[in-house]
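Before anything else, here's the structure in question.
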Amino acid sequence: MAEVGRPGGALVTSPGKQHTLELAERYVCGDRVRFLTGAGIDLVIGRRQGYHIWDVDGRELIDIHLNGGVYNLGHRNPDVIASLSTALETLDIGNHHFPSTERAALAERLIGVTPGAHYAVFASGGGEAIDVAIKSARRATGRRRVVSVVDAYHGHTGLALAAGDEQAANAFLATEPDFVRVAFNDIDALDAALAEPAAAVILETVPATAGFPRPDPEYLPAVRQFCDQTGALYIADEVQTGLGRSGQMWAVDHFGVVPDILVTGKGLSGGIYPIAATLLSERAGAWIESDGWSHVSTFGGAELGCRVAATVLDLTEQAMPGLPIQQWTEAFARLQQKHPDWVVEVRQTGLIIGVKFAHEVGGMLMTKLLFDNGVWAMFAGFDRSVLQVKPGLLMGQADIDAVMAAFDRACAAAVAL
Ligand SMILES: Cc1ncc(COP(=O)(O)O)c(C=O)c1O
């Protein structure tokens with residue numbers, strides 16, 4: 001493989017890590033390995049605990065990317081592990097053809113915290129759950145057309161890929177004529193797109209890969225109103241923004257709107273057992289009453305995952321009254337005051353934070369400079385001037401201070417370049 005290492009820094013030294021990078025480049029994700037190592041990011045994660053991860057060579061990083069919220073409650077959260085261990089004493093994946101105590105109980109829990117939801121369909125990942133959402137909207141409306149948002153990411157399965165970024169869909173010949181995209185926050189464009197009948201409007205409440213732009217106060221109520229007027233269903237993708245991260249259970253709750261379909265994933269797994277869910281209104285899920293075998297998923301709603309997800313909901317509800325939202329607001333205000341020419345905008349919705357820097361690839365540069373300073377954070381794929389900051393729900397002040405000290409050093413280094 002090409003030389004692995006950091007420009008201007010030490011090359012990878014451990015033979016074990018070198019071997020893993022070589023195998024990963026050869027067999028798993030060659031382009032990604034070359035991109036990351038070429039950018040000086042040679043991370044191979046070994047030990048992990050709480051909000052800290054360690055490179056297999058022992059270098060410690062604080063994780064504020066959390067894989068999009070998979071680790072909202074920390075890596076290897078002991079309560080989540082205990083829940084899985086207990087479940088393993090009696091359960092397995094279960095049989096998706098039969099009613100299941102675990103699935104029924106989790107469905108009741110999820111529907112109880114999701115306004116407008118009447119049915120839960122379980123999946124093993126977010127993309128699969130988005131596919132269920134779009135299929136359900138099509139079936140409920142008898143229409144095929146789906147309106148989504150430019151620069152969206154809903155996953156890489158079939159319909160989820162078609163609804164996301166056009167270039168990504170094109171790459172797998174998944175561009176479908178029935179999928180149209182409009183700019184986020186553009187009410188007129190949405191109005192125009194809904195002039196033709198559509199099955200659904202799908203959007204992330206605060207789009208992650210676009211750099212977490214906040215919806216204008218009138219935007220989501222307008223989405224709801226246009227859907228009501230035209231008969232389209234409103235699908236809220238809360239795979240990243242849900243489960244307490246915004247300060248409410250779902251980010252839509254902040255904006256006073258109730259979608260017809262809400263999709264959750266990532267953090268529902270507790271980072272321990274994959275599970276996702278599509279929560280459907282009575283209208284959106286009517287097919288469940290009449291044609292029960294028309295969608296099945298062998299691993300969707302695995303019983304072990306249901307137990308884990310129930311524990312995740314318990315821990316999330318316990319954490320929500322004490323989320324460290326204000327601490328981050330104040331910390332980023334101080335950072336912006338200190339580096340006003342570099343930190344140009346902080347977009348915050350609870351613990352969903354996008355930080356925009358004064359260069360078109362400023363977010364990417366900060367990913368690398370923070371990595372050098374012991375913090376793992378990812379830039380926004382569709383706006384590389386922005387860094388995504390997704391800190392943990394349970395993160396304490398000592399970690400927040402350490403992260404902000406690293407930001408200060410990284411900003412100073414960026415300004416000095
Ligand atoms: C907003 C959003 N929706 C859907 C998905 C797809 O989830 P998965 O990777 O579990 O299929 C992701 C994954 O990053 C996401 O960020």
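We count ligands from 1, going down the list as the structure has it; atoms in each ligand are counted the same way.
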Checklist line | Residues His154, Ile202; criterion side-chain contact (heavy atoms from CB on, under 4.5 Å); working and verdict | finding: CA-CA 9 Å; His154 297 293; Ile202 178 170; 3.7 Å; yes
Check: Which heavy atom of the protein is the closest neighbour of atom 10 (O) of ligand 1, given with residue, atom name and distance?
Finding: Gly126 N, 2.8 Å
Check: How far is atom 12 (C) of ligand 1 from its nearest protein heavy atom, and which residue and atom is that?
Finding: Tyr153 CE2, 3.6 Å
Checklist line | Closest protein heavy atom (residue, atom, distance) for atom 3 (N) of ligand 1 | finding: Asp237 OD2, 2.7 Å
Checklist line | No-hydrogen, no-angle side-chain donor-acceptor test under 3.5 Å, Thr86 and Glu89 | finding: no
Notebook entry, point to check: Would you call Arg109-Asp314 a salt bridge at under 4.0 Å N-O?
Noted result: yes
Notebook entry, point to check: For residues 257-267, which residue pairs qualify under side-chain hydrogen bond (donor to acceptor under 3.5 Å, both in side chains), counting only residues two or more places apart or in two chains?
Noted result: Arg224-Asp260
Next item on the list: Enumerate the residue pairs fulfilling side-chain hydrogen bond (donor to acceptor under 3.5 Å, both in side chains) with a member in residues 323-333, sequence neighbours excluded, ordered by first and then second residue.
Entry: Gln326-Glu330, Thr329-Gln348
Notebook entry, point to check: Can you name the one residue among Val206, Leu262, Val223, Thr114 that meets side chain to side chain contact (heavy atoms under 4.5 Å, CB included) with Val252?
Noted result: Leu262
Notebook entry, point to check: For ligand 1, which atoms, with element, lie under 4.0 Å from some heavy atom of Glu204?
Noted result: 1 (C)
Notebook entry, point to check: Which residue holds the protein heavy atom closest to atom 9 (O) of ligand 1, what is that atom called, and what is the gap in Å?
Noted result: Lys266 NZ, 4.7 Å
Checklist line | Parallel, tilted or perpendicular: rings of Tyr71 and His75 (30°, 60°) | finding: parallel
Check: Considering only heavy atoms of Gly125, which atoms of ligand 1 have at least one such atom less than 4.0 Å away?
Finding: 10 (O)
Next item on the list: Could you find the nearest protein heavy atom to atom 16 (O) of ligand 1 and give me its residue, atom name and distance?
Entry: Gln240 NE2, 2.9 Å
Item checked: Atoms of ligand 1, numbered as shown, that sit under 4.0 Å from any heavy atom of Gly127 -> 6 (C), 7 (O), 8 (P), 11 (O)
Notebook entry, point to check: Which ligand 1 atoms are under 4.0 Å away from a heavy-atom of Val239?
Noted result: 2 (C), 3 (N), 4 (C), 5 (C), 12 (C), 15 (C)
